[in-house]
Amino acid sequence: MEDFEQNKNTKKPTKRAKIMRGVVSPIFGLIAVACVVFGVLNATIWKPSSSVNVRARVSGVQYVVTDPGVLNLVDSNVNVQVTSTKNVNVCVALGSQKDVNGWLAGQKYIRLTGMQSWTQFTTQSARSTVKSGSTNDNVTFADSDLWTAVTCGERTLTFKHKGETQQVAIIDLGSSKDSADIVFHWNRTQLPHFDYVLYFLAVLFALMTILCASVFAMAPEKRRIQRVVRSTRIRTQESWHTPVKARARRRRHARGRYAGANATKEQKEAPKVVDSANRNIVAETVASESQNVETTTVIDLNELQSYFARFSQELNDSSSDETTSINSQSGEDDSQIVSKKQDDTENSDEVKTEALESQEE
């Protein structure tokens, strides 16, 4: 019973696990579901419309002018529709800001500065600061050469423009006493996709839900222990997968590598010893004589003995002229020399006999 109670107490979830799995994880799960729902709504019911109609109603002025960039606020292609309340001739023209200011010299007009909403323009009253002149008194609006494009119509008209431009549009309502409705119509080719962002957030919150219910619910000590156990398991698996022969071979190669390095160092440091007893002098001389083109003459034994006799006689004559002390020392030296000569004669006799035997063979 005691063991059963101890196991039951160990399996009881901690306070951290209760909070993470009972509070935090459900909150992230609900947020993920809400992101999915809003994403579906943005892709279906709340999908932005491709057709945008922005209007403005003006009165009390004859001219209406757009600011630079208003024609391309939504898309590069725009249709401008003007409808007057009376049967008057209305015109829409396209020109530069400088030419429009020159045409509006000293006159009052209304500016279309931007979009207040997706259906309404922001307007502003203004007056041209350019001084009025007599250049435009005899030229009508439609016949002026200041415009790059102009369209006129009775009471209503539609002006179409395509492409990006920094020019401005000027609208002539025919009289300052009339009012008119101005509508700009755009068809958007690229719609904003807010549903993609919501789907991404849904995936992110779903991952947070899983982590809060599993990893973050564990105590830090337990996670550290599991990490250590996992690393030891990986090491043991790697050691078991590698065969015993391969491991022994690695150790053997390692020892051989170090032994080879030490041996090479010892070989470099140790001096080279040449054993003269292992060398065959007769064979080397015969091989060298066979390689040479000219043959050497053989010295006779009697000539060699006569040469050493003359050499000893010369040494004895030179030593007799020295002082007594020197004579004693030279006598010892002569005895040593004679012994050396005898050794040399014996060696030379052996060499000659070996040479004669080789020649006879």
Side-chain angles (χ1 to χ4, degrees), residues 46-130 132 136 139-144 146-192:
W46 296 345
K47 185 178 181 179
S49 177
S50 60
S51 179
V52 179
N53 295 319
V54 184
R55 63 183 67 249
R57 186 173 181 84
V58 296
S59 61
V61 293
Q62 183 178 354
Y63 297 104
V64 179
V65 181
T66 62
D67 284 357
V70 174
L71 292 174
N72 304 125
L73 276 176
V74 180
D75 196 77
S76 59
N77 300 331
V78 61
N79 295 334
V80 182
Q81 184 178 359
V82 181
T83 303
S84 179
T85 56
K86 295 182 180 181
N87 292 329
V88 292
N89 190 24
V90 293
C91 296
V92 179
L94 198 67
S96 63
Q97 183 72 43
K98 183 178 179 181
D99 294 336
V100 170
N101 290 333
W103 181 268
L104 297 173
Q107 297 188 29
K108 185 180 179 181
Y109 63 97
I110 291 179
R111 291 172 52 200
L112 300 179
T113 56
M115 294 172 58
Q116 186 178 359
S117 64
W118 286 103
T119 58
Q120 194 68 30
F121 273 117
T122 57
T123 59
Q124 184 179 353
S125 299
R127 183 181 292 275
S128 178
T129 58
V130 180
S132 60
N136 297 330
V139 180
T140 61
F141 184 86
D143 295 334
S144 178
L146 297 176
W147 323 126
T148 57
V150 61
T151 302
C152 296
E154 189 71 24
R155 189 179 179 180
T156 181
L157 65 88
T158 301
F159 175 79
K160 295 181 180 180
H161 173 70
K162 296 181 180 181
E164 298 285 342
T165 182
Q166 290 297 324
Q167 292 181 329
V168 297
I170 179 172
I171 302 172
D172 183 9
L173 301 178
S175 173
S176 60
K177 298 178 181 180
D178 300 332
S179 61
D181 291 331
I182 302 171
V183 180
F184 281 55
H185 177 72
W186 290 281
N187 283 322
R188 289 190 288 183
T189 57
Q190 295 181 355
L191 296 177

Apply side-chain hydrogen bond (donor to acceptor under 3.5 Å, both in side chains) to S59 and list each qualifying residue two or more places apart in sequence or on a separate chain.
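Expected list: none.
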If we only count heavy atoms from C-beta on, is the [X] to [Y] side-chain gap below 4.5 Å?
| X | Y | value |
| --- | --- | --- |
| F121 | R55 | no |
| V150 | V92 | no |
| S175 | Q62 | no |
| V74 | M115 | yes |
| L191 | K47 | yes |
| D172 | Y63 | yes |

Are a donor atom and an acceptor atom from the side chains of N89 and E154 found within less than 3.5 Å of each other?
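Per modelled atom types, N89 and E154 side chains form no pair under 3.5 Å.
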Given Q81, which partner from the list T158, D181, N53, I182 fulfils the side chain to side chain contact (heavy atoms under 4.5 Å, CB included) test?
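That would be T158.
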Backbone N or O of [Y] within a donor-acceptor pair of the [X] side chain at under 3.5 Å?
| X | Y | answer |
| --- | --- | --- |
| S128 | L104 | yes |
| D143 | V139 | no |
| T122 | L112 | no |

Does anything in residues 90-106 pair up under salt bridge (charged side-chain N to carboxylate O under 4.0 Å, His left out), and if so which pairs, sequence neighbours excluded?
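Salt bridge (charged side-chain N to carboxylate O under 4.0 Å, His left out) check on residues 90-106 returns no pairs.
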Restricting to pairs with a member in residues 61-75, which pass salt bridge (charged side-chain N to carboxylate O under 4.0 Å, His left out), not counting sequence neighbours?
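Residue pairs with at least one partner in residues 61-75: D67-R111.
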Would you compute the distance between atom [atom1] of [X] and atom [atom2] of [Y] and round it to the nearest 0.5 angstrom?
| X | Y | atom1 | atom2 | result |
| --- | --- | --- | --- | --- |
| L73 | F184 | CG | CZ | 9.0 Å |
| R155 | K86 | CZ | NZ | 11.5 Å |
| L94 | T66 | CG | OG1 | 8.0 Å |
| W186 | N77 | CH2 | CG | 11.5 Å |
| D178 | S84 | CG | OG | 5.0 Å |
| S144 | W103 | OG | CH2 | 4.5 Å |

Pairs where residues 65-100 contributes a residue and the test disulfide (SG to SG under 2.5 Å) is met, not counting sequence neighbours:
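Disulfide (SG to SG under 2.5 Å) check on residues 65-100 returns C91-C152.
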Can you give me the closest heavy-atom contact between [X] and [Y], atom names plus distance?
| X | Y | answer |
| --- | --- | --- |
| T151 | L157 | O-CD2, 3.8 Å |
| R127 | G106 | NH1-O, 3.4 Å |
| V70 | T113 | CG2-O, 3.9 Å |

Audit row: V82, L173, side-chain contact (heavy atoms from CB on, under 4.5 Å) steps and yes/no
CA-CA 9 Å; V82 181; L173 301 178; 4.1 Å; yes
Quick one: sort the F141 and W147 rings into parallel, tilted or perpendicular, breaks at 30° and 60°.
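Geometry flag for W147 against F141: tilted rings.
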I'd like a table of donor-acceptor pairs (distance under 3.5 Å, sequence neighbours excluded) in which one partner is a side-chain atom from residues 160-171, with atom names and distances.
residue : atom : partner : partner atom : Å
H161    : NE2  : G163    : O            : 3.1
T165    : OG1  : Q167    : N            : 3.1
Q167    : OE1  : T148    : OG1          : 3.3

Honestly, is R188 close enough over W118, meaning NZ or CZ under 6.0 Å from the six-membered ring centre and within 45° of the axis?
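Pair R188/W118 counts as cation-pi.
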Could you walk me through whether Y109 and V65 satisfy the side-chain contact (heavy atoms from CB on, under 4.5 Å) test, starting with their C-alpha distance in whole Å, then the side-chain angles of each, then the deciding distance to 0.1 Å, before giving a yes or no?
CA-CA 7 Å; Y109 63 97; V65 181; 3.9 Å; yes
Which residues pass the side chain to side chain contact (heavy atoms under 4.5 Å, CB included) test with T85, sequence neighbours left out?
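In terms of side chain to side chain contact (heavy atoms under 4.5 Å, CB included), with neighbours along the sequence ignored, T85 is linked to R57, S179.
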